[in-house]
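Only one structure is covered here, and it is reproduced in the block below.
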Amino acid sequence: VTTVEGIGEGAQLHPLQEVMLAEGAVQCGFCTPGFIVTGVHLLETNSHPTEPEIREALSGNICRCTGYGAILRAFTALTSEGA
């Protein structure tokens, strides 16, 4: 079982964690681990998902703070960079 603590390497954050911070996609932090773990799995299986694919993959996670815009921007920024 991989948890959010196991996503990065030591003190180094995973690129998804970094871009979520940069895009302001982290508010209270309650939903963040779910989005990170789900997102990393998505990127491992599809390195260039479309926005509909991102939305579908993240549909099981609920966020009450961000309105999802920042979360989608983070994923789009990361996948458009090819990381």
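Bear in mind the structure is a predicted one, so any value in this text is a computation, not a measurement. Here, residue 1 is the first one in the sequence, and each next residue gets the next number.
With hydrogens and angles left out, the side-chain atoms of Gln12 and Gln17 include no donor and acceptor closer than 3.5 Å.
Note that CD1 of Ile54 is 4.5 Å distant from OG1 of Thr76, once rounded to the nearest 0.5 Å. From Leu16, atom CG reaches atom NE2 of His41 across 13.5 Å, with rounding to the nearest 0.5 Å. Between atom CD of residue Glu56 and atom CG of residue Leu42 there is a gap of 10.5 Å, rounded to the nearest 0.5 Å. Of the inter-residue distances, the one linking Gln27 atom CD with Ile71 atom CD1 reads 9.0 Å to the nearest 0.5 angstrom.
Considering every non-hydrogen atom in both Thr79 and Pro49, the closest pair reads CG2-CD, 3.4 Å. A pairwise comparison of heavy atoms in His48 and Glu53 identifies O-OE1, 4.3 Å as the closest pair. Residue Thr3 comes nearest to Val37 through the heavy atom pair C-CG2, 4.0 Å, listed as atom of the first residue, atom of the second, then distance. Across all non-hydrogen atoms, the minimal contact from Cys63 to Phe35 is CB-CE1, 3.8 Å. Across Leu58 and Phe75, no two heavy atoms sit closer than the pair CD1-CE1, 3.7 Å. For the residue pair Val19 and Ala77, the shortest heavy atom distance occurs at CG2-CB, 4.0 Å.
Under the 4.5 Å side-chain contact rule for hydrophobic residues, Leu21 and Leu43 share a cluster.
Taking 4.5 Å as the limit, every side-chain heavy atom of Ile36 sits out of range of all side-chain heavy atoms of His14.
Enclosure of atom CD1 in Ile62 is not indicated, since only 12 or fewer non-hydrogen atoms of other residues, nucleotides or ligands lie within 6.0 angstrom.
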